[in-house]
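None of the values given here were measured: they were computed from a predicted structure.
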Amino acid sequence: MSTPKGTHGGLTTFNIQHGFVEALIRGMRCSFLSDADYHHITQCENLEDAKLNLSETDYGEAVADMAVMTPSDLQAAAIQKVSVV
């Protein structure tokens, strides 16, 4: 569905083609790490320090269940957190 050239969409046709995807991204935006969170994680010396820093973010529930965290477990938790399916 496209609009003719020179006409602007109104409220009834705003984002009619990609509205669902945009809504998903806007909803997941709160899960993004802030600059300060990312900086703290880059300063961690081991995975337990990273787990401690991530527990204070939106990823806290994802890493809370891990007794021993490995890089592959952390990657799987991050992917599961942002996956829609």
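Atom-to-atom distance recorded for Tyr38:OH and Gln43:CD is 10.5 Å, nearest 0.5 angstrom.
The 12-atom threshold is not exceeded at CG of Asp35, counting heavy atoms of other residues, nucleotides or ligands nearer than 6.0 Å.
No continuous path of hydrophobic side-chain contacts links Leu52 to Leu47 [ILVMFWY only; heavy atoms under 4.5 Å].
Between Leu54 and Thr57, the closest heavy-atom pair is O-OG1, 2.7 Å. Shortest non-hydrogen contact noted between Ala77 and Met66 is CB-CE, 3.4 Å. Of all heavy-atom pairs between Cys44 and His40, the closest is SG-O, 3.3 Å. Taking every heavy atom of both residues into account, Met69 and Glu48 meet most closely at N-OE2, 4.2 Å.
No side-chain heavy atom of Asp58 sits less than 4.5 Å from a side-chain heavy atom of Phe32. Side-chain atoms of Leu33 and Ile41, non-hydrogen and from C-beta on, do get closer than 4.5 Å to each other. Side-chain contact between Pro71 and Leu74 is absent, with no heavy atoms from C-beta onward closer than 4.5 Å.
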